[in-house]
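Just below is one structure, and these are the notes that go with it.
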Amino acid sequence: MVHFTAEEKATITGLWAKVNVEEAGGEALGRLLIVYPWTQRFFDSFGNLYSESAIMGNPKVKAHGRKVLNSFGDAIKHMDDLKGTFADLSELHCDKLHVDPENFRLLGNVLVVVLARRFGGEFTPELQASFQKVVTGVANALAHRYH
Amino acid sequence: MSLTRAERTIIVSMWSKISTQADAIGTETLERLFSCYPQAKTYFPHFDLHTGSAQLRAHGSKVVAAVGDAVKSIDNVASALSKLSELHAYVLRVDPVNFKFLSHCLLVTLASHFPADFTADAHAAWDKFLSIVSGVLTEKYR
């Protein structure tokens with residue numbers, strides 16, 4: 001189980017408070033679909049995903065990205081119990097959505113890249129290390145109820 | 001997997017910017033690697049890996065220079081990195097998972113230094129390119 005020190009929680013929460021969840025969510029999901037195009041398999045209903053501009057401008061991508069990143073925000077409020085926090089979502093992703101958990105790892109790393117792009121030098125190696133723990137914890141929590 | 005012409009153009013043009021900060025980027029990439037993926041440190045017991053260490057800086061420069069060599073021979077990365085490929089296969093034997101960690105940390109460093117240039121298409125091109133480089137460096141492993 002991933003463990004966060006008090007200092008890590010503080011720096012993570014501090015940075016997250018500055019994240020524009022609406023925009024960063026859309027950017028993260030959009031980048032996932034562009035950098036790893038096979039992830040588009042889950043989004044047939046999203047319409048035009050044929051180019052970078054189509055994907056980044058797609059309102060369904062933005063809306064869903066916002067939803068996903070709001071969930072990450074929940075994770076950050078409950079860093080000591082990620083498995084509990086994501087239990088229902090884990091079952092949903094397994095039983096209804098049939099998403100390979102590898103996709104959670106891909107999205108987590110894309111999110112880290114988005115944070116680096118938005119925060120530049122403020123996103124130090126130490127802060128990145130803390131966020132890598134968060135995204136790994138979330139990915140594992142989302143995979144935890146798979147069967 | 002090979003690069004499209006558009007992807008090659010993106011990488012070559014970004015490289016001209018990156019190369020002006022090559023050493024800083026190399027050093028930062030390694031700092032990120034060792035902070036986020038401590039298992040990578042097991043390959044450097046002989047190094048001082050603290051921030052600011054001369055060895056870290058020298059090695060970061062080496063790594064980025066090799067990426068630069070691959071960029072300069074982007075149409076034939078395998079031939080440009082042939083010696084390095086043998087070194088990794090027969091001498092260094094770094095587990096292949098670490099190339100993914102290093103590639104990710106380089107992408108993060110590029111995103112952090114070049115927020116405007118690192119568009120989603122650029123992100124895709126670099127991820128693909130580094131994946132090709134990693135493949136070349138591990139292709140002689142067995």
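Order of the sequence lines sets the chain letters (A, B, ...), proteins ahead of strands, with each chain counted from 1. Source: prediction; values computed, not measured. The figures that follow rest on heavy atoms only: side chains count, while hydrogens, waters and symmetry mates do not.
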Path from A/Tyr50 to A/Leu29 over hydrophobic side-chain contacts below 4.5 Å = no
Between the CZ atom in A/Arg105 and the NZ atom in B/Lys100, the distance rounded to the nearest 0.5 Å is 11.0 Å
Closest contact, heavy atoms only, B/Ser35 versus A/Ala129 | O-CB, 3.6 Å
Flag the one option from B/Lys128, B/Glu31, B/His123 with the top tally of heavy-atom pairs under 4.5 Å to chain A.
-> B/His123
With a 4.5 angstrom heavy-atom cut-off, could you sort out which part of A/Gln132 is near chain B: side chain, backbone, both or neither?
-> side chain
With a 4.5 angstrom heavy-atom cut-off, which part of B/Asp127 approaches chain A: side chain, backbone, both or neither?
-> side chain
Which atoms of B/Phe34 approach chain A - backbone, side chain, both or neither, heavy atom under 4.5 Å | neither
Hey, are the side chains of B/His104 and A/Gln128 touching, using non-hydrogen atoms and a 4.5 Å cut-off?
-> yes
Smallest heavy-atom separation, B/Thr119 atom then A/Glu52 atom, equals CB-OE2, 3.5 Å
Let me know if A/Thr124 has heavy atoms under 4.5 Å from chain B in its side chain, its backbone, both or neither.
-> backbone
Residue part contacting chain B, namely of A/Tyr36, when any heavy atom lies under 4.5 Å | side chain
Look at atom CG of A/Asp88 and say whether more than 12 heavy atoms of other residues, nucleotides or ligands are closer to it than 6.0 Å.
-> no
Flag if over 12 foreign heavy atoms under 6.0 Å of NZ, B/Lys140 | yes
Any idea which heavy atoms bring A/Ile34 and B/Ala120 closest together, and the distance?
-> CD1-CB, 3.5 Å
Give, as side chain, backbone, both or neither, the part of B/Thr109 having an atom under 4.5 angstrom from any heavy atom of chain A.
-> neither
Under the side chain to side chain contact (heavy atoms under 4.5 Å, CB included) criterion, do A/Arg117 and B/Val108 qualify, and how do the steps go?
-> CA-CA 8 Å; A/Arg117 204 185 71 80; B/Val108 170; over 6 Å; no
